[in-house]
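To start, the structure itself, in structure tokens.
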2 protein chains.
Amino acid sequence: MERYREIGLKLTPQRLAILEYLDGNTSHPSAEDIYSCVKKKFPTMSFATVYNTLETLRKRGQILELTIDPDRKRYDPNIHPHNHLICLRCKTIVDVDLDFEIPIPDEARKSFDVLGNHIEFYGICDKCKKGGE
Amino acid sequence: MERYREIGLKLTPQRLAILEYLDGNTSHPSAEDIYSCVKKKFPTMSFATVYNTLETLRKRGQILELTIDPDRKRYDPNIHPHNHLICLRCKTIVDVDLDFEIPIPDEARKSFDVLGNHIEFYGICDKCKKGGE
DNA sequence: TTACTTGACAAGAATGATTCTAATGTGATA
DNA sequence: TATCACATTAGAATCATTCTTGTCAAGTAA
């Protein structure tokens, strides 16, 4: 946790609660998920604090902002290169840790500095397969 | 264009204008982009019509809804399997047509019906590289 | 060609995620 | 322990998207 102070973050109780919630969390929570959980401990917690903290962490490369869910942004504290699989029905996201060798296409390199890539797998999870029509 | 009638779409002038705008369009427009262009021809065009039409096309597999842009949904009339590269600054999206063999990981298959995948490349485009700070 | 039916359209309100504002509070440092 | 830069709060504002309701028109069949 000290590493956060080292990158110039003030460690407020609210931030620590958010960091603790995120630490090791593989549920790819939304801002709302984080807010409603941390609010239990800090009833005066504001949505703005959640968004501010997430943005600060993102800018310092401590979390990933995922765009795979069409309804809302999702956040991932695992910053090692990995990929994701989302259920198109319930929007559950799971990690896909296999490492694929994706060559950066010349076509792309011509006019872009390509910084990275991310593979989105999509499908239907078991739960939705059984429950849903 | 007749193919749209065949899949049960009523071909209204508004829809034809939207379809014409999308046909061969590789700019990955947002709903706003589509609206503001088509509105020139149909000044009474409503946003709801754009969204309704896009949703109808999507449900029938005639367009792709892209989630790669964190700010808004983007639409792609090219439904052949392909990937995308986005500029993190200006959100320009270009097609990456190379076909990668992405094996569906067992880990994922265990608890999901995996239906497909999509690779997002991200970087900075030449224009932003020069213009931006 | 006409009338019918179903689905599409328009206008604007509503929703909901996210961002902004302005006033107040507080870690970290010296 | 005082200071200051930055964080927090509450609530308003924004903006993409969806919904509602009344009207209209494409496609079909007579």
Side-chain angles (χ1 to χ4, degrees), chain A residues 1-21 28-60 62-75 91 93, chain B residues 1-21 28-60 62-75 91 93:
Chain A
M1 282 289 170
E2 271 312 303
R3 84 168 204 255
Y4 294 112
R5 205 193 317 269
E6 282 157 20
I7 58 174
L9 271 190
K10 279 190 190 169
L11 289 183
T12 65
Q14 294 90 337
R15 282 183 171 179
L16 285 170
I18 292 172
L19 289 168
E20 190 186 340
Y21 176 79
H28 309 90
S30 64
E32 167 84 44
D33 296 332
I34 297 166
Y35 173 73
S36 60
C37 178
V38 175
K39 196 177 174 60
K40 289 175 200 154
K41 202 183 280 182
F42 289 92
T44 68
M45 164 76 61
S46 155
F47 244 114
T49 297
V50 174
Y51 278 109
N52 287 341
T53 301
L54 290 171
E55 177 60 9
T56 300
L57 290 169
R58 190 195 63 74
K59 279 200 300 221
R60 301 185 192 211
Q62 304 300 307
I63 58 170
L64 297 176
E65 186 180 272
L66 306 182
T67 62
I68 190 175
D69 180 344
D71 296 333
R72 53 184 51 75
K73 288 179 187 160
R74 306 279 289 262
Y75 297 89
K91 316 297 191 222
I93 298 173
Chain B
M1 283 289 170
E2 271 310 304
R3 84 173 205 255
Y4 294 112
R5 206 193 313 270
E6 283 156 20
I7 58 173
L9 272 190
K10 277 189 190 172
L11 288 184
T12 66
Q14 292 91 336
R15 282 182 171 178
L16 286 169
I18 292 172
L19 288 168
E20 190 186 341
Y21 176 79
H28 309 88
S30 65
E32 167 84 44
D33 295 333
I34 297 166
Y35 172 73
S36 61
C37 177
V38 174
K39 197 178 174 60
K40 289 176 201 152
K41 201 184 277 183
F42 289 91
T44 68
M45 166 76 62
S46 155
F47 244 113
T49 297
V50 174
Y51 279 108
N52 287 340
T53 301
L54 290 171
E55 177 60 9
T56 301
L57 290 169
R58 191 194 61 76
K59 279 200 300 219
R60 302 187 191 208
Q62 304 301 306
I63 57 171
L64 297 176
E65 187 181 270
L66 305 181
T67 62
I68 190 174
D69 180 344
D71 296 332
R72 51 185 50 77
K73 288 179 187 160
R74 307 278 290 260
Y75 297 89
K91 316 298 190 222
I93 298 173

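Computed from a predicted structure; not experimentally measured. A, B, ... follow the sequence lines: proteins, then strands. Residue 1 opens every chain.
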* Asked: OP1 or OP2 of D:dT8 less than 4.0 angstrom from a side-chain nitrogen or oxygen of A:K39, does that happen here?
  -> no

* Write down the distance between CG (B:L19) and P (D:dA26), rounded to a whole number of angstrom. => 15 Å

* Asked: Could you state the interatomic distance from NZ (A:K41) to CD1 (A:I18), rounded to the nearest 0.5 Å?
  -> 11.0 Å

* **Interatomic distance, A:Y35 OH vs D:dG11 P [rounded to whole Å]** => 10 Å

* What are the bounds, 5' to 3', of the part of DNA chain C that sits under 4.0 Å from heavy atoms of chain A? -> C:dA17 to C:dA28

* Sub-3.5 Å donor-acceptor pair from the side chain of A:T67 to the main-chain atoms of B:P70, do we have one? -> no

* **Atom-to-atom span, CG of B:D33 to P of D:dT17 - whole angstrom** => 10 Å

* side-chain hydrogen bond (donor to acceptor under 3.5 Å, both in side chains) partners of B:S30, counting only residues at least two apart -> B:D33

* Under the side-chain contact (heavy atoms from CB on, under 4.5 Å) criterion, do A:Y75 and A:H28 qualify, and how do the steps go? -> CA-CA 5 Å; A:Y75 297 89; A:H28 309 90; over 6 Å; no

Could you go through residues 42-54 of chain A and list every donor-acceptor pair under 3.5 Å that involves a side-chain atom there, pairing it with any protein atom two or more places apart or in another chain?
from, atom 1, to, atom 2, distance (Å)
A:S46, OG, A:A48, N, 3.0
A:N52, ND2, A:A48, O, 3.2
A:T53, OG1, A:T49, O, 2.8

* To do: Return the value, rounded to whole Å, for the distance between atom CZ of A:F42 and atom C1' of D:dT8.
  => 11 Å

* To do: Please name all residues satisfying salt bridge (Lys or Arg N to Asp or Glu O under 4.0 Å) with A:K39, sequence neighbours left out, ordered by chain then number.
  => none

Anything under 3.5 Å between a protein N or O and an N or O of nucleotides 13-15 of chain D, put it in a table, one pair a line.
none

* Structure fact -> In whole angstroms, the gap separating P of D:dA26 from CD1 of B:I7 amounts to 18 Å

What donor-acceptor contacts under 3.5 angstrom involve side-chain atoms of residues 7-17 of chain B, with partners at least two apart or in another chain?
from, atom 1, to, atom 2, distance (Å)
B:T12, OG1, B:R15, N, 3.2
B:R15, NH1, B:K10, O, 3.1

* Nearest nucleotide by nearest heavy atom, which residue falls closer to the 5' end of DNA chain D, B:P13 or B:Y75? -> B:Y75

* Between the axis at one end of the helix from C:dT1-D:dA30 to C:dA30-D:dT1 and the axis at the other (five pairs apiece), what's the angle to 10 degrees? -> 40°

* To do: Among residues two or more places apart or on two chains, list those pairs meeting salt bridge (charged side-chain N to carboxylate O under 4.0 Å, His left out) that have a residue in residues 42-52 of chain A.
  => none

* To do: Under the side-chain hydrogen bond (donor to acceptor under 3.5 Å, both in side chains) rule, collect the residues that match up with A:E55, sequence neighbours excluded.
  => A:R58

Where do N or O atoms of nucleotides 27-30 of chain D meet protein N or O atoms at under 3.5 Å, pair by pair?
from, atom 1, to, atom 2, distance (Å)
D:dG27, OP1, B:R5, NH1, 2.4
D:dG27, OP1, B:L11, N, 3.0
D:dG27, OP2, B:R5, NH1, 3.1

* To do: Using a cut-off of strictly less than 4.0 Å between a heavy atom of the residue and any atom of DNA chain D, enumerate the qualifying residues of residues 45-57 of chain B by number.
  => B:A48, B:Y51

* Which residues share a side-chain hydrogen bond (donor to acceptor under 3.5 Å, both in side chains) with B:D69, sequence neighbours left out -> B:R74

* A:K59 NZ to D:dC6 P, straight-line distance once rounded to whole Å -> 11 Å

* Atom-pair distance (OH on A:Y4; P on D:dA7), nearest Å -> 15 Å

